[in-house]
Amino acid sequence: MKMGCFGFDFSNFQSITAFCLLLMLGFSFSPIGCLGIRSFPEERRFTEAPEYRNGVQCPVTAETQNMVHVAMTLDSEYLRGSMAAIHSVLRHSSCPEHIFFHFIAAEFDPSSPRVLTQLVRSIFPSLNFRVYIFREDTVLNLISSSIRQALENPLNYARNYLGDMLDPSVTRVIYLDSDIILVDDIEKLWKTPLSGSRIIGAPEYCHANFTKYFTDSFWSDPDLPRVFGSRNPCYFNTGVMVMDLQKWREGDYRKKIEKWMELQRQRRIYELGSLPPFLLVFGGLVEPINHRWNQHGLGGDNVMGSCRSLHPGPVSLLHWSGKGKPWARLDEKRPCPLDCLWEPYDLYKPKPKSRPNYQRSKILYQHHNLDFSSSNILFGYSNYFI
């Protein structure tokens, strides 16, 4: 049996349907209208997260270099997703006090980096974090149009500059998109070895048609495809990556990515925003990580955002990449079956009665003959910061 959160088999649709029914019965949700993300002051739209403490097996103290470093972007449009992602990381971590978050916020975000900083502090009072200001003009002249406007957001390219923004003492980081949920201990992902000269690690999907990520003009060029040489490139999703920042800085990989972005402005060699430059630089050179760490595509495609099911296999991280986002579909009362797995981590404007009733959930799982007990899962880049 392929077990996910709550010791739950996510590999078949009937089980997912039963799981979502359980959530509907075990949680009393208050209706949330389609409120605009900027309609009300931020501090009124979220509740404070529970306090998560280290387990007895954790070291008493942790130096900065020994902590788990996680980098994420932080912006008003995806704020609800970001808060849920942070919540899930903390909830399932064995040593949550040893996680340090590096948040990258756009200089001209409508809510301002300072307001976003205050918001994170109000939701997670004891969180270890720092907010860096990303100067959007760093990358504006390098961005070309994409098949979906959201992919043209300068903040999507912030991951290219982590080696410049983060302190040199941070030599390793996990990069996470804002539309993810972890249902496993992030320390397991952190310990992924990057062998030899590998710069990044990520789940690879070699069954995917790699040629579709580049235009016909790219493949028909006599020289451009030679960039892959003897490499055997596979598609990988840049929303979940383990990155060796020391090797990244030494190899000046920011410049290598920017080189392809400059060529794209001249030649139109791809359509998909920030992903193809990573494929060009790292395709065939990625440390393969188990697929359980990026069950991606749950947001559907980039046009329709239709519902999708999980890939076969166990689940440690769910990723709503694609057009559809779970918080939007839930608010519209048109959720996909898997969106219910995101909802327990949502900190957006709940009422006391909407708190999870875990005891009731356990009884219902037993009623459905589900193995609840086998799982420990409960459901500018700038040199200054705020």
Side-chain angles (χ1 to χ4, degrees), residues 69-79 81-82 100-117 120 129-179 199-200 202 237-282 321 380-386:
H69 292 272
V70 179
M72 298 177 64
T73 58
L74 193 65
D75 68 312
S76 55
E77 184 175 359
Y78 284 89
L79 193 58
S82 299
F100 196 102
F101 285 88
H102 302 267
F103 297 121
I104 316 302
E107 183 178 15
F108 299 111
D109 188 282
S111 292
S112 88
R114 188 170 299 277
V115 170
L116 293 174
T117 301
V120 173
F129 76 96
R130 182 175 295 172
V131 176
Y132 305 78
I133 297 176
F134 180 63
R135 301 190 183 282
E136 295 160 291
D137 56 2
T138 302
V139 74
L140 275 176
N141 292 333
L142 295 172
I143 297 176
S144 58
S145 60
S146 182
I147 61 172
R148 183 159 60 92
Q149 189 173 3
L151 299 177
E152 300 171 23
N153 186 334
L155 210 53
N156 289 336
Y157 296 84
R159 72 195 86 182
N160 303 357
Y161 301 91
L162 292 177
D164 300 274
M165 289 186 287
L166 273 56
D167 191 273
S169 64
V170 180
T171 58
R172 185 183 179 94
V173 71
I174 296 174
Y175 177 83
L176 297 176
D177 273 352
S178 297
D179 52 359
I199 310 298
I200 64 173
N237 182 280
T238 52
V240 180
M241 296 186 292
V242 178
M243 307 175 68
D244 186 323
L245 290 185
Q246 182 172 337
K247 293 178 182 176
W248 178 284
R249 294 171 181 127
E250 292 171 354
D252 203 2
Y253 281 89
R254 171 179 66 86
K255 282 291 187 183
K256 294 178 181 179
I257 289 175
E258 287 181 338
K259 174 185 173 182
W260 287 109
M261 294 175 67
E262 290 168 356
L263 181 62
Q264 161 73 354
R265 296 276 291 183
Q266 303 167 15
R267 299 276 304 272
R268 195 69 184 174
I269 58 176
Y270 54 80
E271 304 288 348
L272 270 177
S274 61
L275 169 64
F278 266 81
L279 297 180
L280 288 162
V281 174
F282 295 108
S321 57
Y381 146 179
S382 174
N383 60 358
Y384 63 92
F385 54 89
I386 297 174

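Note that these values count all heavy atoms, side chains included, but never hydrogens, waters or copies made by symmetry.
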* Take Val242 and Ile200, measure what side chain to side chain contact (heavy atoms under 4.5 Å, CB included) needs, and give me the verdict at the end. => CA-CA 5 Å; Val242 178; Ile200 64 173; over 6 Å; no
* **Residues forming a side chain to side chain donor-acceptor pair (under 3.5 Å) with Ser178, sequence neighbours excluded** => Ser82
* For the atom pair CD (Glu262) and NZ (Lys255), what is the distance rounded to the nearest 0.5 Å? -> 7.0 Å
* Distance-only, no hydrogens or angles: does the Glu136 side chain make a donor-acceptor pair with backbone N or O of Ala106 under 3.5 Å? -> no
* To do: Indicate the atoms forming the closest heavy-atom contact of Met165 with Tyr132, along with that distance.
  => O-CE2, 3.5 Å
* **side-chain contact (heavy atoms from CB on, under 4.5 Å) against Gln246, all qualifying residues, sequence neighbours excluded** => Thr171, Asp244, Glu250
* To do: List the atom of Met261, the atom of Asn160, and the distance in Å for their closest heavy-atom pair.
  => SD-ND2, 3.9 Å
* Could you check Tyr161 against Glu258 for side-chain hydrogen bond (donor to acceptor under 3.5 Å, both in side chains), going step by step and ending with a plain yes or no? => CA-CA 10 Å; Tyr161 301 91; Glu258 287 181 338; 2.7 Å; yes
* **Pairwise side-chain contact, Asp75 with Asn153, heavy-atom cut-off 4.5 Å (strictly under)** => yes
* To do: Using salt bridge (charged side-chain N to carboxylate O under 4.0 Å, His left out) as the criterion, list what pairs up with Asp179, not counting sequence neighbours.
  => Lys325
* **Beyond-backbone contact of His102 with Leu162, side-chain heavy atoms, under 4.5 angstrom** => no
* Kindly write out the residues that satisfy side chain to side chain donor-acceptor pair (under 3.5 Å) with Asp167, not counting sequence neighbours, or none if the list is empty. => Ser169
* To do: Go through the structure and list residues passing side chain to side chain donor-acceptor pair (under 3.5 Å) with Asp177, not counting sequence neighbours.
  => Tyr175, His319
* Residues two or more places apart in sequence or in another chain: which of them pass side-chain contact (heavy atoms from CB on, under 4.5 Å) with Lys256? -> Tyr253, Val281
* To do: Output the distance between atom CG (Leu142) and atom CD1 (Ile257), rounded to the nearest 0.5 Å.
  => 11.5 Å
* **Working for side chain to side chain contact (heavy atoms under 4.5 Å, CB included), residues Arg172 and Trp248** => CA-CA 10 Å; Arg172 185 183 179 94; Trp248 178 284; over 6 Å; no
* Arg249: what forms a side-chain contact (heavy atoms from CB on, under 4.5 Å) with it, not counting sequence neighbours? -> Leu166, Leu245
* Side-chain contact test, heavy atoms from C-beta onward, threshold under 4.5 Å: evaluate it for Val173 versus Val70 and give yes or no. => no
* Which heavy atom in Val139 sits nearest to a heavy atom in Tyr157, and how many Å separate them? -> CG2-CB, 3.8 Å
* Which of these, Leu155, Val120, Ile104, sits in a side chain to side chain contact (heavy atoms under 4.5 Å, CB included) with Leu74? -> Val120
* To do: Measure across Arg265 and Asn141 and return the closest heavy-atom pair with its distance rounded to 0.1 Å.
  => NE-O, 3.3 Å
* Asked: What pairs with Phe101 under ring-ring contact (aromatic ring centres under 6.0 Å, His included), at least two apart in sequence or on another chain?
  -> Phe103
* Gap separating the CG atom of Leu176 from the CE atom of Met241, nearest 0.5 angstrom -> 9.5 Å
* Step through it carefully: locate the ring centre of Trp260, locate the ring centre of Phe282, and say whether they are under 6.0 Å apart. => no
* Asked: Between Val131 and Leu116, is a side chain to side chain contact (heavy atoms under 4.5 Å, CB included) present by the stated rule, with each step listed?
  -> CA-CA 9 Å; Val131 176; Leu116 293 174; 5.9 Å; no
